[in-house]
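One structure below.
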Amino acid sequence: MPGLHHIAAWQQEEGKESLMRLYNKVALVTGGATGIGREVCLAFGREGAKVVVNYIGDPKSAEKVVSEIEAAGGTAIAICADVSSEEQVEDMFREIETKWDGVDILVNNAGIYPRKAWHEITGDEWDKVQAVNAKSCFLTSKAAYPYMRSKGYGKIINVTSVTFFRGQKNFVHYVASKGAVIGFTRALSRELGAEGITVNAISPGAVMTEQELLDFPDSSVQEETRLYLEQEQAIPRRQLPHDMVGSFIFLASSDSDFMTGQTLNVDGGWVMH
Ligand code: NAD
């Protein structure tokens, strides 16, 4: 029989857990080491999920996300896998299964966005962008499906882009891939609705990430971008990765169980529909 103080500590702990919106769910976030994916991983960790931080290349950033989640009392692991490779995606799911019981929440966030004049893009460059941004959503969803089907529950969240709604110069392969993400989201939601699995997309606006600052370090370019976006958006300021997390938690939690096939614009009121 535990002592009273043990019961009080347990109740306190239980209370904390019941406030966590993703408690004990296994959440895989692709491209989770940087930018938007990193913020989503940290937020999911705070909400009690066991987080799989997928990354490619140097493990340092992914390991940092894992340590930050653990330092805050959460649970996480990092797994290296190129999400455009069927073999590597399958290996990643096998690795997750050795640790936890499959995946409950899948966030398809990994993406590449090379800018180039449309007539200079090669066939291989086109294919690579479609493979990393769009085909990956199919590969990971297919790999996650057996686990979600066996539980009769699952959450798939695909990251698209404001550029699909607006069109954008020097980005035809990227914009086309983000359109494919929306098409895939809609079609897959029809396949999975009866099995308790929701499939939705989130469309970020122009999010100021570390990578943007590396790509455009010139302060006058930053200032020009800020002024432009302040005119375009209903909320006149630059969007930060943290601005994205509420919508991801919503679509990952049971609060969104009757919502599927949808695309949420989280862009400060830039594009409206
Ligand atoms: P980011 O470059 O910081 O994040 C992308 C992540 O994907 C990186 O960690 C990268 O290493 C990873 N990645 C790339 N190729 C991969 C592969 N083959 N396998 C596994 N991981 C891979 O940039 P971000 O802005 O945080 O982008 C996240 C998502 O948001 C992307 O899908 C992007 O298209 C989308 N998005 C971003 C913005 C923005 O303004 N930042 C706007 C709209 C949409």
Side-chain angles (χ1 to χ4, degrees), residues 28-43 52-66 78-93 106-115 125 127-140 143 157-168 171 173-182 184-185 201-216 222 225-226 228-229 232-233 237-245 247-248 263-268 270-271:
L28 165 61
V29 181
T30 70
T34 63
I36 296 168
R38 174 189 146 79
E39 277 313 305
V40 172
C41 286
L42 296 174
V52 181
V53 184
N54 159 256
Y55 69 98
I56 193 169
D58 188 344
K60 269 197 217 90
S61 305
E63 283 164 1
K64 187 161 180 277
V65 176
V66 169
I79 301 183
C80 179
D82 175 348
V83 289
S84 66
S85 152
E86 189 159 17
E87 201 187 338
Q88 292 189 35
V89 166
E90 285 170 359
D91 285 349
M92 171 164 65
F93 276 83
L106 166 64
V107 177
N108 283 310
N109 164 76
I112 51 172
Y113 34 86
R115 289 171 176 79
E125 286 168 343
D127 287 347
K128 169 128 198 196
V129 170
Q130 310 314 316
V132 176
N133 295 359
K135 183 182 171 193
S136 62
C137 298
F138 163 68
L139 295 177
T140 54
I157 305 167
N158 301 318
V159 179
T160 179
S161 166
V162 66
T163 58
F164 173 70
F165 296 99
R166 295 188 41 86
Q168 179 137 347
F171 252 165
H173 46 358
Y174 177 77
V175 175
S177 74
K178 292 302 187 181
V181 169
I182 293 179
F184 174 69
T185 300
I202 292 181
S203 176
V207 184
M208 194 165 67
T209 58
E210 318 90 279
Q211 196 56 49
E212 184 197 294
L213 296 171
L214 290 172
D215 290 347
F216 303 101
Q222 281 297 328
T225 308
R226 184 180 68 78
Y228 169 73
L229 291 169
E232 288 285 320
Q233 296 169 187
R237 66 164 173 81
R238 285 306 310 269
Q239 180 172 3
L240 299 171
H242 182 73
D243 292 316
M244 301 299 308
V245 301
S247 55
F248 280 92
T263 299
L264 271 185
N265 291 343
V266 184
D267 59 10
W270 187 357
V271 165

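Counting convention: from 1, in listed order, for ligands and their atoms alike. The figures that follow rest on heavy atoms only: side chains count, while hydrogens, waters and symmetry mates do not. For this chain, numbers begin at 1 and follow the sequence in order. Treat the numbers as computed from the prediction; the structure is a model and nothing was measured.
Distances between N or O atoms of V207 and those of ligand 1 include at least one value under 3.5 Å. Among the atoms of I36, some N or O lies under 3.5 angstrom from an N or O of ligand 1. Checked against a 3.5 angstrom limit, the closest N/O atoms of I112 and ligand 1 fall outside it. Looking at ligand 1, you'll find an N or O of N109 within less than 3.5 Å of one of its N or O atoms. Taking any N or O of T209, backbone or side chain, none lies under 3.5 Å from an N or O belonging to ligand 1.
With a 4.5 Å cut-off on side-chain heavy atoms, I182 and F165 count as touching.
Interface atoms of ligand 1 facing A81, defined by a heavy-atom separation under 4.0 Å, are 19 (N), 20 (C). Close contacts of ligand 1 with V83, meaning ligand atoms under 4.0 Å from a residue heavy atom, involve 17 (C), 18 (N), 19 (N), 20 (C). Set against the non-hydrogen atoms of A206, the atoms of ligand 1 under 4.0 Å away are 40 (O). Taking every non-hydrogen atom of Y113 and a distance limit under 4.0 Å, the qualifying atoms of ligand 1 come out as 1 (P), 2 (O), 23 (O). If you number the atoms of ligand 1 from 1 as listed, the ones under 4.0 Å from a heavy atom of G35 come out as 3 (O), 26 (O). Of all atoms in ligand 1, listed by their number and element, those nearer than 4.0 Å to a heavy atom of V159 are 29 (C), 30 (O), 35 (C). The Y174 neighbourhood of ligand 1 comprises atoms 33 (C), 34 (O), 35 (C), 36 (N), 43 (C), 44 (C), with distances under 4.0 Å to a heavy atom of that residue. Numbered from 1 in the order shown, with element, the atoms of ligand 1 that lie under 4.0 Å from a heavy atom of D82 read 17 (C), 18 (N), 19 (N).
By the criterion of a heavy-atom distance under 4.0 Å, neither the backbone nor the side chain of T30 is placed next to ligand 1. Heavy atoms of Q239 found under 4.0 angstrom from ligand 1: none, in either backbone or side chain. Of all the heavy atoms of V132, the ones lying under 4.0 Å from any atom of ligand 1 belong exclusively to the side chain.
Under the side-chain contact (heavy atoms from CB on, under 4.5 Å) rule, F248 has a single partner from V159, V266, V29, which is V159.
Salt bridge absent: R166 and D267 never bring a charged side-chain N and a carboxylate O closer than 4.0 Å.
Using a 4.0 Å cutoff on heavy atoms, E212 does not count as a contact of ligand 1. Every heavy atom of N133 sits 4.0 Å or more from the atoms of ligand 1.
Checked by atom type, the side-chain pair Q222/E212 shows a donor-acceptor distance below 3.5 Å. With 3.5 Å as the limit, one finds no donor-acceptor pair spanning the side chains of N109 and T30. At a cut-off of 3.5 Å, with distance as the only test, a side-chain donor of W270 or E232 sits close to an acceptor on the other residue.
Atom 8 (C) of ligand 1 has as its closest protein heavy atom T34 OG1, 3.2 Å. In this structure, the protein non-hydrogen atom closest to atom 44 (C) of ligand 1 is T160 O, 3.2 Å. Ranking protein heavy atoms by distance to atom 42 (C) of ligand 1, first place goes to G205 O, 2.9 Å.
Protein non-hydrogen atoms do reach within 4.0 Å of atom 12 (C) of ligand 1.
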